[in-house]
Structures are given as structure tokens and as C-alpha cells.
Amino acid sequence: MLTHALLTAGDILDTKDIGNKKQEVKARDCGHQKLITLDGLIYCANHWFSADETADHFGVTVEYLYQALGIWRQKKGLEFNWDNYHFDLSQSYDIKIKRYD
């Protein structure tokens with residue numbers, strides 16, 4: 001909800017308007033990324049959390065977690081490096097995060 005307030009302008013409830021749809025998608029994507037952070041995913045991977053435990057850690061549903069992972073895939077790609085970690089998001093629900101030095 002906060003990202004909607006920060007990133008949208010005016011009444012965007014009319015979803016037939018393409019500009020409103022774009023604002024809605026941008027706000028939603030940003031909200032997912034702010035809540036499900038890469039650093040948080042690293043923490044969960046280092047503690048061998050399951051998908052359920054990871055969702056609990058972030059205080060979201062597993063479905064929300066998977067939506068966030070989909071957004072990270074769109075933004076960063078299937079494989080990418082972040083803060084000395086290699087992320088492999090090529091598998092739908094099985095993410096792999098490995099530290100490299």
C-alpha cells in the first residue's frame with residue numbers, strides 16, 4: 001500500500017486505462033521487491049529454510065513469495081550475482097543461492 005502512495009498519481013482504480021495499469025504494476029512490483037529482498041533470501045538460504053519457512057520469515061504467503069521471485073526473475077534474469085552470492089532462479093520453485101569468493 002505504501003508503494004502505491006509513493007509511486008502512483010491520482011485515481012488509478014480504472015483498470016481500463018493503460019496508464020493506470022502501468023502505475024499499478026510498477027507499484028506492485030516495487031512492493032514485492034521491498035518486502036522480499038535479495039539479502040533476506042540469502043539469509044533464508046543460509047539457514048536452509050523451506051518455501052513455507054521463507055514465506056513465514058517475510059510474513060507473507062507462499063504464493064506471494066513465488067510472485068516476488070517471478071518479479072526478481074524479470075528484473076535480474078534467471079541467473080545473476082548479488083553481494084558475493086550467485087542466484088539461480090531458473091527453476092520455478094527451487095531457488096539456488098551460493099556464496100562465491
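The figures here come from the full heavy-atom set of this structure, side chains too, leaving out hydrogens, waters and symmetry mates.
Contact between Cys44 and Phe58 at its shortest, heavy atoms only, is SG-CE1, 4.1 Å. Nearest heavy atoms, Arg73 versus Gln91: NH2-O, 3.0 Å. Shown here for Trp48 and Glu53, the closest heavy-atom pair between the two residues is O-OE1, 3.9 Å. Pairing each heavy atom of Trp72 with each of Ile36, the nearest pair is NE1-O, 2.8 Å. The two residues Asn46 and Tyr85 make their nearest non-hydrogen contact at ND2-OH, 3.2 Å.
Between the CG atom in Asn81 and the CZ atom in Phe87 there is a gap of 9.5 Å [rounded to 0.5 Å]. Rounding to the nearest 0.5 angstrom, the gap separating the CG atom in Asp88 from the CG atom in Leu78 is 8.0 Å. Summarising the geometry, atom CG belonging to Asn84 is positioned 9.0 Å from atom CD1 belonging to Ile42; distances are rounded to the nearest 0.5 Å. Taking CG from Leu69 and OH from Tyr66, the interatomic distance works out to 8.0 Å, rounded to the nearest 0.5 Å. Atom-to-atom distance recorded for Phe80:CZ and His86:NE2 is 9.0 Å, nearest 0.5 angstrom. A distance of 7.0 Å separates CG in Leu41 from CG in Leu65, rounded to the nearest 0.5 Å.
Looking only at atom types and distance, the side chain of Ser50 has no donor-acceptor partner in the side chain of Asp52 under 3.5 Å away.
Classification of the Tyr43-His57 ring pair by plane angle, with boundaries at 30° and 60°, yields parallel.
Looking at heavy atoms from C-beta onward, Lys76 lies in side-chain contact with Leu38 at the 4.5 angstrom threshold.
In the hydrophobic clustering of this structure, Phe49 does not group with Leu35; members are Ile, Leu, Val, Met, Phe, Trp, Tyr whose side-chain heavy atoms approach within less than 4.5 Å, directly or through other members.
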